[in-house]
Amino acid sequence: MPPSIPKGTRDFTPEQVNRRNYIFDTIRKVFVAFGYQPIETPAMENLSTLTGKYGDEGDKLLFKILNNGDFLDKADADALAARDSSRLAPSIAKRGLRYDLTVPFARFVVMYQHEITFPFKRYQIQPVWRADRPQKGRYQEFYQCDVDVVGSDSLYYEAELVQIYDSVFHKLGLPVAIKLNNRKVLSGIAEVAGIADRFVEMTVAIDKLDKIGIEGVRTEMLGRGIDATSVAIIEDILQITTIDALKTRLAASETGAKGVEELETVFDYLSLAPVHNEVRFDVTLARGLSYYTGCIFEVAAKGAQMGSIGGGGRYDNLTGVFGLKGVSGVGVSFGAERIYDVMLELGLFPDDAAAGLQVLFVAFDEATHRYAFQALSQLRAAGINADLYPKPVKLAKQMEYANKRNVPYVVVVGSEEMAQGQYTLKNMQSGEQERVDLAGLLHCLRERG
RNA sequence: GUGGUUAUAGCUCAGCAGGUUAGAGCAUCGGAUUGUGGUUCCGAAGGUCGUCGGUUCGAGCCCGAUUAGCCACCCCA
């Protein structure tokens, strides 16, 4: 039986972990620089915390954890007899794996509301799980990197989050387009088109514009029961590229006008500080998630065929479902897995020698092995990443190991070196060697490490 | 949940109209080389061709089922 791992999950090699950490570290540093604090929440939540928060589709994609012990004892007998899985599930699974970081965060805020100082700025980098069918850039276990602020409706934070996106992707050397829209603008469009009641259908269709084109969106909207006149109005508005033009067009809708005003405020803040990446208003940005109420964000990598690598928005009432009303939040998420894939594709990871081993000691016999061990210990104490081949075997074998470990330097110690209190330091790239004493060794490795 | 596609050595893949003993590269191990690796040369080991069934004198190849991976849709990071 060959070993395997569950569908949609992955192992990571040392090289991959180093690269992933490079991304996580970069993101974390930016979060901290903007004044956000870390929290962590459990991998599993009570199922009741999760269900009903992501729509019917989301509920289907929740991983449920079978109760321990005699779980059939408390199973819903009727549901079991009727073979009704969805009704049976809550009676045999009280816990589930978290589906995202936003809902657990909302729960956290409600539970700790008396300890939290608002506005509360938190970041969270943890894995989430979805029972989705895996495909390219899509896994059942993946990391999200979330930053959110709750307890303030200031549009300053929308601008700040755009700056965070800009800063992270600038540091990673990954050029992106940061797209902004506003849920109220989309509401306004629905109103102006006279289909306020079909708002959700409209946004779902518009969201696919990139993928299926304007023709596809038209077909989709017509198929979802939106009449041709309304579709024509919507199509017309989707051609708009500037906020000014949109302002005129949506003047008749109070909500729409409010959305436009919010966008203006955000762009006004952004005009006061330089950004490195393209930041643009995009009426066609919709995003499916139903809890967004104000500004919405999405990030697309330039020069790579990949879905969005980040997204987020303003949600006025996220904590409401947990009993805390009137707390507004806004946040964005970084899709670390997709960022990884894109950076790999574009060759943007830096050469990663610094994170690895700097020097390997090789010895010829027991005596020199002991001698090498002493020097090794001193290098390690001095903060140099050093290792010693475990046994004084044939030198070629040890050198081969050094090669595979990709070590820049090898220290060869034989009886001659030991007799003189010296070491042979070999540069594995150039092949050059020099004899040095311990001080020289420390000096050279510090210098070139 | 729907559709497509693939499954042969540890990895990446060949394979013929259905026809003896299923191949290559890389990786592994040994040797050329008992104080020097990444390049070279020689050799070895490694497989019930995903699983089960069917057609056939004969199946890695054809048919059916099943499992798993990948890709796309729904949805999403």
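Labels below follow one simple rule: chain letters A, B, ... track the order of the sequence lines, proteins then strands, and each chain is numbered from 1.
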**Prompt:** Looking at the rings of F34(A) and Y157(A), which for Trp means the six-membered one, are their centres under 6.0 Å apart?
**Reply:** no
**Fill in**
Hits for side-chain contact (heavy atoms from CB on, under 4.5 Å) against A232(A), two or more places apart or cross-chain, chain-then-number order -> none
**Request:** Scan R10(A) against the nucleic acid and name what it touches under 4.0 Å (heavy atoms): base, sugar-phosphate only, or nothing.
**Result:** nothing
**Asked** When rounded to the nearest Å, what value does the distance between C1' atoms of C74(B) and G3(B) take?
**Response** 11 Å
**Prompt:** Which pairs, with at least one residue in residues 389-401 of chain A and sequence neighbours excluded, count as a salt bridge (charged side-chain N to carboxylate O under 4.0 Å, His left out)?
**Reply:** E400(A)-K404(A)
**Request:** Starting at atom CG of D11(A), determine the distance to atom P of C11(B), rounded to an integer number of angstrom.
**Result:** 14 Å
**Request:** Decide yes or no for L222(A) and T219(A): does some side-chain heavy atom of the first lie under 4.5 Å from some side-chain heavy atom of the second?
**Result:** no
**Prompt:** How far, in whole Å, is A14(B) from C52(B) if one measures between their C1' atoms?
**Reply:** 27 Å
**Prompt:** In whole Å, what is the span from the CG atom of D341(A) to the C1' atom of C76(B)?
**Reply:** 15 Å
**Asked** Can you give one letter per nucleotide of nucleotides 30-37 of chain B, 5' to 3': B if a protein heavy atom sits under 4.0 Å from the base, S if only from the sugar-phosphate, - if neither?
**Response** -S---BBB
**Message:** Angle between ring planes, Y123(A) versus F31(A), binned at 30° and 60°: parallel, tilted or perpendicular?
**Reply:** tilted
**Prompt:** Checking D59(A) side chain against G52(A) main chain: does a donor-acceptor pair fall under 3.5 Å?
**Reply:** yes
**Asked** Listed by chain and number, what are the ring pair (Phe, Tyr, Trp, His ring centres under 6.0 Å) partners of F297(A), not counting sequence neighbours?
**Response** none
**Asked** A77(B) phosphate, OP1 or OP2: any side-chain N/O from Q144(A) under 4.0 angstrom?
**Response** no
**Asked** Under 4.0 angstrom, heavy atoms only, what part of the nucleic acid is S308(A) near: base, sugar-phosphate, or nothing?
**Response** sugar-phosphate
**Asked** What's the closest nucleotide to the R130(A) side chain, out of C75(B), A72(B), C76(B)?
**Response** C76(B)
**Prompt:** Please give, in whole Å, the distance from A77(B) P to I178(A) CD1?
**Reply:** 17 Å
**Request:** For G137(A), report the nucleic acid contact type (base, sugar-phosphate, nothing); a contact means any heavy atom under 4.0 Å.
**Result:** base
**Message:** Work out how far the C1' atom of A17(B) is from that of U56(B), and round it to whole angstrom.
**Reply:** 15 Å
**Asked** What residues, two or more places apart in sequence or in another chain, satisfy salt bridge (charged side-chain N to carboxylate O under 4.0 Å, His left out) together with R130(A)?
**Response** none
**Message:** Does I309(A) reach a base, just sugar-phosphate, or nothing at all? Heavy atoms under 4.0 Å.
**Reply:** sugar-phosphate
**Asked** Using the rule for Phe, Tyr, His and the six-membered ring of Trp, do F334(A) and A77(B) stack at under 5.5 Å and under 30°?
**Response** no
**Request:** Calculate the interatomic distance between Y54(A) atom OH and C75(B) atom C1'; express it in whole Å.
**Result:** 14 Å
**Asked** G60(B) and G19(B): how far apart are their P atoms, nearest whole angstrom?
**Response** 10 Å
**Request:** Return the value, rounded to whole Å, for the distance between atom CD1 of I212(A) and atom C1' of C75(B).
**Result:** 13 Å
**Asked** Under the salt bridge (charged side-chain N to carboxylate O under 4.0 Å, His left out) test, which residues partner E417(A), sequence neighbours left out?
**Response** R435(A)
**Message:** Measuring only the P atom in each nucleotide, how far is G31(B) from C70(B)? A whole number of Å is fine.
**Reply:** 41 Å
**Message:** For nucleotides 40-46 of chain B, give me one character per nucleotide, 5' to 3': B if any protein heavy atom sits under 4.0 Å from the base, S if the only such contacts are to the sugar-phosphate, - if neither.
**Reply:** -------
**Asked** Just wondering, more than 12 heavy atoms not from R370(A) lying within 6.0 Å of its CZ?
**Response** no
**Item:** Residues that Y165(A) engages under ring pair (Phe, Tyr, Trp, His ring centres under 6.0 Å), provided they are two or more places apart
**Value:** F334(A)
**Message:** Please report the distance separating the P of A45(B) from the corresponding atom of U40(B), rounded so that it comes out in whole Å.
**Reply:** 23 Å
**Asked** Just how far, in rounded Å, is C1' of A77(B) from CD1 of I296(A)?
**Response** 16 Å
**Prompt:** When rounded to the nearest Å, what value does the distance between P atoms of C71(B) and C13(B) take?
**Reply:** 13 Å
**Prompt:** Below 4.0 angstrom from OP1 or OP2 of U28(B), is there any side-chain N or O of K404(A)?
**Reply:** yes
**Asked** Is there a side-chain contact between L80(A) and L72(A) (heavy atoms, below 4.5 Å)?
**Response** yes
**Message:** I'd like to check the salt bridge (charged side-chain N to carboxylate O under 4.0 Å, His left out) partners of R95(A); sequence neighbours left out, ordered by chain and number.
**Reply:** none
**Prompt:** Given pairs defined as Watson-Crick or G-U wobble with both distances under 3.5 Å, what dot-bracket annotation applies to RNA chain B, with ( ) intrastrand, [ ] crossing, | other strand and . unpaired?
**Reply:** (((((((..((((.....[...)))).(((((.......))))).....(((((..]....))))))))))))....
Considering only nitrogen or oxygen atoms on both sides, find all protein atoms under 3.5 Å from nucleotides 3-6 of chain B and state each distance.
unit_1, atom_1, unit_2, atom_2, d
G3(B), O6, R133(A), NH1, 3.4

**Request:** Establish, yes or no, whether a centroid distance under 6.0 Å links the rings of Y340(A) and F349(A).
**Result:** yes
**Request:** List for me each residue that meets salt bridge (charged side-chain N to carboxylate O under 4.0 Å, His left out) alongside R133(A), sequence neighbours excluded, and say none if there are none.
**Result:** none
**Request:** Measure from CG on L61(A) to P on A77(B) and round the result to the nearest Å.
**Result:** 12 Å
**Message:** Regarding R28(A) and D25(A), does a basic nitrogen lie under 4.0 Å from an acidic carboxylate oxygen?
**Reply:** yes
**Asked** If we take the P atom in both C16(B) and C11(B), what is their distance in whole Å?
**Response** 23 Å
**Request:** Provide, to the nearest angstrom, the distance between the CD atom belonging to Q135(A) and the P atom belonging to U2(B).
**Result:** 16 Å
